[in-house]
Amino acid sequence: MPDLSAAEAILAAIRAVPRGQVAGYGGIARRAGLPGRARLVAKILSGNDDPKLPWHRILRSDGRIAFPPDSPGFVEQRQRLRAEGVDVRNGRVHMPQDDDSLDAAIWRPR
DNA sequence: AGAATGACAGGAA
DNA sequence: GTTCCTGCCATTC
């Protein structure tokens with residue numbers, strides 16, 4: 001069976017994303033100490049059942065929503081993001097860059 | 001064991 | 001700035 005610790009680390013990284021902010025699968029994996037496991041993050045999200053988890057803040061590296069443009073998941077994610085003030089244009093959002101200064105401000109442990 | 005699949009990433013065209 | 005193609009990881013058939 002898969003490493004549950006890895007899954008927990010990923011979930012923790014996702015929960016650490018502030019409201020109104022977004023992150024990429026690869027970025028989450030990197031923050032979880034699992035570089036290169038972006039697809040594992042997707043696997044976790046597909047199998048999660050925690051309604052408290054801000055899964056809608058996780059996007060592809062391009063900033064594109066990971067669902068097909070007509071699927072219910074796409075619509076729901078888009079609505080949730082807009083509800084948090086995120087500008088979603090044509091299924092895409094402006095992704096944050098690897099600025100450690102801003103990055104540290106966001107990911108700072110509390 | 002080999003092939004197929006998926007809420008992906010990164011570089012090339 | 002976008003779309004396309006190839007590479008990766010882990011799981012399932």
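By convention in this document, chain letters (A, B, ...) are assigned in the order of the sequence lines, proteins followed by strands, and residues within each chain are numbered from 1.
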For this session: At under 4.0 Å between heavy atoms, which parts of nucleotides 7-13 of chain B does protein reach? Answer with one letter per nucleotide, 5' to 3': B base, S sugar-phosphate only, - none.
Result: BBBS---
For this session: Would you check if A:M95 and A:D62 make a side-chain contact, meaning some heavy-atom pair closer than 4.5 Å?
Result: no
For this session: Step by step, work out the salt bridge (charged side-chain N to carboxylate O under 4.0 Å, His left out) result for A:R80 and A:E76.
Result: CA-CA 6 Å; A:R80 281 184 175 230; A:E76 183 175 342; 3.4 Å; yes
For this session: Compare all side-chain heavy atoms of A:R60 with those of A:Y25 and state whether any distance is below 4.5 angstrom.
Result: yes
Problem set entry | Check: A:P96 and A:Q21 side chains under 4.5 Å, non-hydrogen atoms | yes
For this session: For C:dC8, take OP1 and OP2 only and decide whether either is under 4.0 Å from a side-chain N or O of A:R37.
Result: no
Problem set entry | Of residues 81-95 of chain A, the positions that come close to DNA chain B - non-hydrogen atoms, cut-off under 4.0 Å | none
Seminar exercise, completed: Nearest heavy-atom approach of A:I14 to A:P54 is O-CG, 3.5 Å
Problem set entry | side-chain contact (heavy atoms from CB on, under 4.5 Å) between A:R30 and A:R37, intermediate numbers included | CA-CA 8 Å; A:R30 190 160 57 88; A:R37 275 73 181 165; over 6 Å; no
Problem set entry | Rounded interatomic separation in angstrom, taking CD1 from A:I44 and C1' from C:dT11 | 11 Å
For this session: Determine, stepwise, if the pair A:R15 / A:D50 fulfils salt bridge (charged side-chain N to carboxylate O under 4.0 Å, His left out).
Result: CA-CA 11 Å; A:R15 294 192 194 102; A:D50 187 349; 3.8 Å; yes
Problem set entry | pair A:L59-A:L81: side-chain heavy atoms closer than 4.5 Å | yes
